[in-house]
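Read through the structure below, which is laid out as structure tokens, and then see the notes.
Computed from heavy atoms alone, side chains included, the values below leave out hydrogens, waters and symmetry copies. This structure is a prediction, so every number in the text was calculated from the model and none was measured.
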Amino acid sequence: MNQPSHDAGLFDHCPWLFAGQASGEQRAAQEQRQKRLLAGPGEVRLGEGCFVAETAAVHPEVLHLGDRSYIAAHAYVTDAIRTGADCTVNPFTVVRGTVTLGDGVRIGAHSSLLGFNHGSAPDLPVHQQPVTSRGITVGDDVWIGSHVVVVDGVTIGDHCVIGAGAVVTKDLPAWSVAAGNPARRLRDRREPRGPREARDPHEARESRDLHEAREPREPHGAKRPADAEATGGRGGSCGADAAGEWWGLSGADAVGDRWGLSGAEVAGERRDLSGAQAAGDRWGLSGAAAAGERRGPFDADAVGERREPSDPDAAQERRGQVRPEALVGELRAFAAAAREQATDLLDRSWRPDTGRYADRPGAEPTVRAHCDAVEIADLLLKDVPPHLPAPEHVERLRALQDPATGLVPEYGAPAPLPGPAGVPDGAPAYHVLCVGYALDLLGSSFAHPVHAVRTTTADRLVRHLGELPWTDRAWHAGAWVDSWATAAHWNLRAGGEAAAPGALEALFGWLHTHADPWTGMWGSPTREAGRLQMVNGYYRLTRGSFAQFDLPVPYAERVIDTVLDHSRDPRHFAPGRENACNVLDVIHPLWLCARQTTYRSEEARSWAASQLTAALGRWHPSGGFAFGPTADGLGPGREPGLQGTEMWLAIVWLLADVVGVADALGYRPRGIHRPEPAPVERPV
């Protein structure tokens with residue numbers, strides 16, 4: 001580039017040169033351009049080192065540009081656009097509707113990302129049709145070539161390269177190299193570019209079908225994304241498990257092989273286990289069989305011939321084919337076996353020497369284990385755990401509560417001190433839930449109000465809500481809300497005030513005004529874990545607040561979008577990685593939002609059916625369920641115990657209810673995971 005730096009048109013068309021070549025006058029002009037955007041009618045946030053061309057038509061409702069991102073000449077940007085760092089919207093590009101870009105996304109010139117659509121019903125002229133928007137999501141380190149069109153509802157995974165002129169109509173998994181109209185996945189970007197045997201006849205045409213996108217070299221030392229070894233912008237892997245990650249697959253719209261569906265669906269192969277009609281092998285974790293094949297504990301005929309996946313289209317057609325009526329027999333058999341073995345699994349966790357319950361053999365007794373035993377006995381035996389009479393269960397649990405604060409410590413621990421707004425961190429926060437609901441199942445209640453919450457003022461509550469770690473630890477923040485709201489619920493049940501006047505109303509007011517309208521949630525995804533913290537925190541938060549007090553959740557359809565996208569993240573849902581917490585925290589939001597909308601209901605049912613089949617295969621005879629493997633080492637892990645059993649029994653019911661076959665189980669959760677709201681007066 002030999003054009004003089006005083007040529008303003010140079011930077012409009014090549015904004016990556018601005019940082020190194022612009023004059024002081026040109027920098028001042030760009031500062032004024034950005035000030036006009038910030039003062040405009042939309043919600044605009046611009047990171048450090050951003051550039052917006054004077055000739056770009058930028059008229060957003062929401063515009064969030066990450067650091068070092070730019071919008072070049074004659075681009076047309078409207079509606080709600082959010083980008084990560086180091087993103088480029090090159091000349092003559094159109095970005096409209098709801099569009100979210102990760103870090104290091106490069107969009108070639110003359111491309112269009114259209115995150116909205118018009119209806120096409122025959123009874124109205126096109127110009128009168130309603131406009132809908134499912135949105136477009138693009139992951140990190142993505143190169144979109146020139147003249148590409150991406151239509152509404154598409155998710156493009158991390159590290160993808162989209163060839164010039166492609167029309168992307170369906171989701172693409174991470175690391176895809178795709179091209180064509182409609183765009184087709186040609187290969188994995190990590191594969192060598194040299195000669196190799198094609199996996200299908202179409203791939204043999206890759207060399208002439210894929211027109212590589214061309215862009216000028218970018219600043220900051222970024223490598224070209226097309227390079228097989230490039231990291232691209234802030235590319236490379238997103239967390240240790242990002243390689244091979246699949247984002248946003250939606251039912252039959254998946255492109256290529258499908259990952260991240262536990263048990264029943266793996267790498268495009270469907271294993272439909274429905275009593276004696278099983279079409280594939282049954283997998284699960286059961287003692288020595290954990291590393292191998294499991295042939296269902298409830299039906300000896302459940303094992304069929306294992307079929308290898310055929311071509312992607314055929315595999316795609318098999319998805320979503322679990323028939324609800326075919327699950328009824330298996331659910332009945334499971335529930336009968338669980339009831340028959342309930343006393344045995346409770347016996348293995350009872351410690352006669354201490355007169356207490358432990359989660360599993362060899363573990364220390366805990367308050368939670370006693371409460372889990374009460375919940376399991378109520379579900380499966382419709383009675384109390386047989387090791388103590390009902391009055392003694394009640395007496396022991398009521399005696400745990402500290403009368404001064406109303407909080408419950410762990411065995412042997414001192415009385416907990418209240419937190420800044422009532423509930424402290426740690427075991428006492430969860431004891432508000434588990435001890436309260438265990439007593440409720442036993443026909444009793446806390447001996448004292450939860451004074452630590454009863455004295456919380458609205459001002460203190462709102463201040464603490466704003467200080468919670470929503471950005472990087474949304475699960476922790478949501479769990480705190482769950483505990484505080486549940487304590488308020490017990491206080492109301494006791495016939496007193498939930499908290500200081502106005503505090504409960506302030507909670508729901510804060511939650512409504514701080515929910516993200518684009519995700520329906522509180523908090524943000526993280527590079528290390530994707531949407532995990534945000535989705536898991538959503539479950540805990542809404543369980544104790546909106547669900548418990550029978551209030552509709554805000555932005556239910558956006559919640560469903562977010563949760564279904566998260567449910568395809570193989571870091572958390574690939575075979576062998578699922579745990580009770582992660583599956584519960586997907587199915588409960590889907591179940592809760594289904595009370596308000598039928599949006600994407602078939603996809604939710606398909607996911608629930610596949611998870612249900614996999615979950616039943618995890619039962620350990622006379623041992624119950626294991627919580628499941630956890631990458632961070634948290635939770636009981638792979639050994640069956642009370643916590644895993646209590647959670648998975650509730651998960652199985654929720655999954656079955658979404659599919660429409662929960663009645664076959666013959667039980668319905670009445671404790672922490674009860675589907676009905678708690679019987680208290682709603683906040684105004």
Side-chain angles (χ1 to χ4, degrees), residues 42-45 58-66 69 71 75-84 87 89 93-103 105 107 111-119 129-140 142 144 148-158 160 162 167-174 182-183 246-251 253-255 515-525 530-531 534-535 538 553-569 589-590 593 596-604:
E43 175 190 319
V44 178
R45 301 177 192 170
V58 182
H59 306 291
E61 296 176 9
V62 177
L63 175 64
H64 294 177
L65 291 185
S69 295
I71 300 175
Y76 181 27
V77 177
T78 69
D79 304 310
I81 315 301
R82 301 167 187 262
T83 84
C87 290
V89 178
T93 292
V94 176
V95 184
R96 303 188 64 198
T98 303
V99 179
T100 302
L101 310 179
D103 293 336
V105 177
I107 305 174
S111 290
S112 296
L113 277 66
L114 306 174
F116 70 99
N117 206 348
H118 287 277
Q129 295 282 347
V131 174
T132 60
S133 177
R134 295 177 59 193
I136 293 170
T137 301
V138 180
D140 296 335
V142 173
I144 298 174
V148 169
V149 176
V150 182
V151 303
D152 189 35
V154 164
T155 295
I156 298 174
D158 295 346
C160 287
I162 314 299
V167 179
V168 185
T169 62
K170 294 183 179 180
D171 297 343
L172 291 172
W246 190 305
W247 290 73
L249 300 180
S250 300
D253 289 337
V255 179
D516 186 337
W518 307 113
T519 65
M521 298 193 173
W522 300 266
S524 305
R531 300 171 179 86
M534 183 170 66
V535 171
Y538 181 89
V553 297
Y555 311 116
E557 292 188 352
R558 300 291 77 75
V559 171
I560 293 170
D561 286 336
T562 302
V563 169
L564 286 176
D565 283 349
H566 169 64
S567 73
R568 278 86 180 186
D569 187 336
L590 291 177
C593 291
Q596 297 176 217
T597 178
T598 59
Y599 178 67
R600 297 182 74 175
S601 58
E602 287 301 321
E603 295 170 63

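For D103 (side chain) and D140 (main-chain N/O), no donor-acceptor pair under 3.5 Å exists by modelled atom type. Between the side chain of S111 and the backbone N or O of T93, no donor-acceptor pair lies under 3.5 Å.
Rounding to the nearest 0.5 Å places CD of E557 at 11.0 Å from OG of S133. Of the inter-residue distances, the one linking I136 atom CD1 with L113 atom CG reads 4.5 Å to the nearest 0.5 angstrom. Separation of atoms CZ (F116) and CG (D79) is listed at 7.0 Å; rounding is to 0.5 Å. For the atom pair CG of L101 and CD1 of I144, the computed distance is 7.0 Å after rounding to the nearest 0.5 Å. Taking OH of Y538 as the reference point, atom CZ of R531 lies at 15.0 Å (rounded to 0.5 Å). Here the straight-line distance linking atom CG of D516 with atom OG1 of T562 works out to 8.0 Å at 0.5 Å rounding.
Of all the heavy atoms in P589 and V563, the pair that sits closest is CB-CG2, 3.9 Å. When all heavy atoms of T597 and A556 are compared, the pair lying nearest together is CG2-CB, 4.2 Å. When all heavy atoms of G84 and S69 are compared, the closest pair comes out as O-OG, 3.1 Å. Smallest separation of non-hydrogen atoms from V559 and G520: CG2-O, 3.4 Å. When all heavy atoms of D561 and Y599 are compared, the pair lying nearest together is OD1-OH, 2.7 Å. Scanning all heavy atoms of the two residues, the minimum distance from A75 to V89 falls at CB-CG1, 4.1 Å.
Looking at R134 and N117, their side chains never come closer than 4.5 Å, going by heavy atoms from C-beta outward. Residues M521 and R558 fail the side-chain proximity criterion, which asks for heavy atoms closer than 4.5 Å. For the pair I162/L172, a side-chain contact is recorded, criterion being any heavy-atom separation below 4.5 Å from C-beta on. Side-chain contact between V62 and T98: absent, with no pair of heavy atoms (C-beta onward) separated by less than 4.5 Å.
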### Task
Kindly determine whether V168 and V148 satisfy side chain to side chain contact (heavy atoms under 4.5 Å, CB included), including the steps that lead there.
CA-CA 8 Å; V168 185; V148 169; 4.3 Å; yes
#### Entry: side chain to side chain contact (heavy atoms under 4.5 Å, CB included) evaluation trace for L114 with V151
CA-CA 5 Å; L114 306 174; V151 303; 5.9 Å; no
### Message
With side chain to side chain contact (heavy atoms under 4.5 Å, CB included) as the criterion, how do V131 and H118 come out once you've worked through the C-alpha distance, each side chain's angles and the decisive distance to 0.1 Å?
### Response
CA-CA 5 Å; V131 174; H118 287 277; 3.5 Å; yes
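Just one of V44, I71, L65 meets the side chain to side chain contact (heavy atoms under 4.5 Å, CB included) condition when paired with V58; it is I71.
Judged purely by distance below 3.5 Å, without hydrogens or angles, the side chains of R96 and T78 pair a donor atom with an acceptor atom.
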